[in-house]
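Here the structure comes first, spelled out in structure tokens, and everything after it is commentary.
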Amino acid sequence: MTFLRAILLLLAGAVIFTTNAAPAAFPEVKDLPVQTNLPDVMIMLDGTKVTTPAQWRARREELKAILEHYELGHAPPPPGNVSGTEIQSRPVLDGAAKFQLVHLKFGPDEKLGFDVAIFTPAKGGPFPTIINPSFSMTPGVNFTNNSIAAKNEIAATTTTNSARPRFNFSAPMDPEKAARGFTNQLNRGYAIVTYRYTQCGEDNPNFRTNSFYPAYPGYDWGVLLGWAWGLSRVVDYVETQPFADKNKLIALGHSRLGKLTMVATAFDERISLGAPAGSSGAGTGAYRFCGPGRGGKEGIEDMTRKFGYYFVPRLAEFTGQMEKLPFDAHWFIALTAPRPWISIEGTDDQNCVPNAVKQTVLAAKPVYEFLGMSADRAGVNYETHRHALTADDWKAALDFADKNLLGMKVERSFDQFPPEQSSTNSIAPK
């Protein structure tokens, strides 16, 4: 038996595990085989080529298990009891839209939760609905109301200097101002559900001491998976609401919230379309094409050094031995297939490597074709800007959704990369 075959069989035996965070019997990083090419999503752990839908469903479980073990950690199962209580409601945009502030509650004794702001067109419905985690304070939340999440925000902003959140935007956003920011989306018939991501875990190494993490001891999830788990709790609520078309739910976030969006869409099949924007290191761009000597910018070394709490500690062990990484970013798109997925990018983004994004998207397209869908359902769009989420980015995401969720005719393509990345230089899946 060859060494590679032995490792594959060992990995195959480790795929079955319980939903808790107990580590499966995966090989240590040092014992993994070298894979200089992008790991092929269509090859089972026992070496079998995926040729049937049943095999693909099994392969999806393998992909998730490997990502959980080596990068993300394990999350608790869905709580199964998400409900919402309206805190505020008012018309906005001169009556053209409606704003609601809703407190979600769930978990043991329904003591966990956070606030979401909902903007819907005043007439019509159900609407395709965008779930948009945000860096800003949830609109309508302030430190004087009775919102549970608002009180949590006070606690989150009074931590020690060593644990202070990276983004401490303490001023609440006015609902009318927020609605104006979403005018184009609302005018195009989309509803928006937005919330401040730090309600689902502080953006610092002490995240396990707050939010819903103390209620789930024993799980090894990093905060990135925790944020994604929080987005799925929004889905739990939204899919029960009459304003939302539950078959047209879109997840869109920028930067680290693009990473959040990418993970949530891959692991939650109820999300109809994923749109990570400017997701940077540990996002859409394949690890094998980012970092020192591999394309520059944010590589696995940088991410685990600066943001190690996003992941399980095991991920940092790949520093200096990237060729042993048993997965890469294209696995997240493969897990999303056949649902549409688009990477929203800026041509001059200082954190993103266009070639890394290109190799990820191209490596995932064969999965769509295998599942009988057009490879164009895995798309990309570049606008001319640095690290930001612009109105043009939003327009591209909505155009992509119009085409792939609403069946509308859209006169634009979503397969164009920056000209300097138009060569075929790549590492093929293997």
Side-chain angles (χ1 to χ4, degrees), residues 84-104 114-147 149-150 153 169-197 199 231 234-235 237-254 257 272-273 275 277 344 383 385 388-403 405-410 412:
T85 300
E86 184 178 273
I87 298 172
Q88 298 181 32
S89 177
R90 72 182 74 166
V92 289
L93 302 179
D94 295 324
K98 178 183 177 181
F99 160 76
Q100 291 176 282
L101 179 66
V102 174
H103 178 70
L104 304 185
F114 56 95
D115 295 333
V116 298
I118 302 170
F119 298 89
T120 57
K123 297 180 180 179
F127 306 103
T129 299
I130 302 165
I131 301 173
N132 174 224
S134 172
F135 292 105
S136 300
M137 186 70 74
T138 302
V141 174
N142 58 67
F143 293 149
T144 61
N145 67 17
N146 294 321
S147 162
E153 286 288 344
F169 301 152
S170 59
M173 183 182 293
D174 176 77
E176 184 67 36
K177 180 179 179 181
R180 289 198 298 271
F182 292 128
T183 298
N184 291 336
Q185 293 88 323
L186 293 165
N187 286 346
R188 290 180 62 161
Y190 287 81
I192 304 287
V193 180
T194 187
Y195 62 98
R196 184 174 177 173
Y197 78 114
Q199 296 180 105
L231 191 149
V234 180
V235 174
Y237 175 73
V238 167
E239 68 175 357
T240 68
Q241 299 305 299
F243 73 81
D245 184 337
K246 68 179 183 178
N247 296 313
K248 297 180 177 62
L249 302 182
I250 301 160
L252 187 153
H254 178 255
L257 311 187
S272 311
L273 186 153
I344 302 295
E383 299 294 338
H385 58 73
L389 180 62
T390 69
D392 287 337
D393 293 324
W394 273 104
K395 183 179 186 304
L398 295 184
D399 286 348
F400 187 77
D402 282 350
K403 177 180 179 179
L405 289 186
L406 307 186
M408 297 171 61
K409 186 176 181 180
V410 175
R412 66 186 296 177

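- Atom CZ of residue Arg188 and atom CH2 of residue Trp394 lie 11.0 Å apart, to the nearest 0.5 angstrom.
- Under the side-chain hydrogen bond (donor to acceptor under 3.5 Å, both in side chains) criterion, Ser272 pairs with no residue at all, not counting sequence neighbours.
- Between the side chain of Gln199 and the backbone N or O of Asp115, at least one donor-acceptor pair lies under 3.5 Å.
- For Lys403, the side-chain hydrogen bond (donor to acceptor under 3.5 Å, both in side chains) criterion is met by no residue, not counting sequence neighbours.
- Taking CG from Leu389 and CG from Leu257, the interatomic distance works out to 10.0 Å, rounded to the nearest 0.5 Å.
- Between Phe243 and Val193 the shortest side-chain heavy-atom distance falls below 4.5 Å.
- For Tyr190, there are no ring pair (Phe, Tyr, Trp, His ring centres under 6.0 Å) partners two or more places apart in sequence or in a different chain.
- For Arg180, there are no side-chain hydrogen bond (donor to acceptor under 3.5 Å, both in side chains) partners two or more places apart in sequence or in a different chain.
- The heavy-atom pair separating Thr194 from Ser134 by the smallest distance is OG1-CB, 3.5 Å.
- Considering CG of Leu231 and OH of Tyr195, their distance stands at 3.5 Å, rounded to 0.5 Å.
- Contact check for Val410 versus Phe400: no side-chain heavy atoms found under the 4.5 Å cut-off.
- Applying the side chain to side chain contact (heavy atoms under 4.5 Å, CB included) rule to Ala275 yields the partners Leu252, Leu273, Ile342; only residues at least two apart in sequence or on another chain are considered.
- Residues in residues 237-250 take part in these salt bridge (Lys or Arg N to Asp or Glu O under 4.0 Å) pairs, two or more places apart or across chains: Glu239-Arg270, Asp245-Lys248.
- Residues passing the side chain to side chain contact (heavy atoms under 4.5 Å, CB included) test with Ala388, sequence neighbours excluded: His385, Thr390.
- Atom CD of Glu383 and atom CG of Asp392 lie 4.5 Å apart (nearest 0.5 Å).
- Counting heavy atoms from C-beta on, the side chains of Glu176 and Leu93 come closer than 4.5 Å.
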Counting only pairs under 3.5 Å, give me each side-chain donor-acceptor contact of residues 116-131, with atom names and distances, residues two or more places apart or in other chains.
from   : atom 1 : to     : atom 2 : distance (Å)
Thr129 : OG1    : Phe127 : O      : 2.9

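- Under the rule for a side-chain hydrogen bond (donor to acceptor under 3.5 Å, both in side chains), the partners of Lys395 that lie at least two apart in sequence or sit in another chain are Asp399.
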*For Phe114 and Thr138, run side-chain contact (heavy atoms from CB on, under 4.5 Å): C-alpha distance rounded to whole Å, both residues' side-chain angles, the deciding distance at 0.1 Å, then the answer.*
CA-CA 10 Å; Phe114 56 95; Thr138 302; over 6 Å; no
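- Phe99 and Gln88 make their closest contact through CE2-OE1, 3.9 Å (heavy atoms, listed as atom of the first residue, atom of the second, distance).
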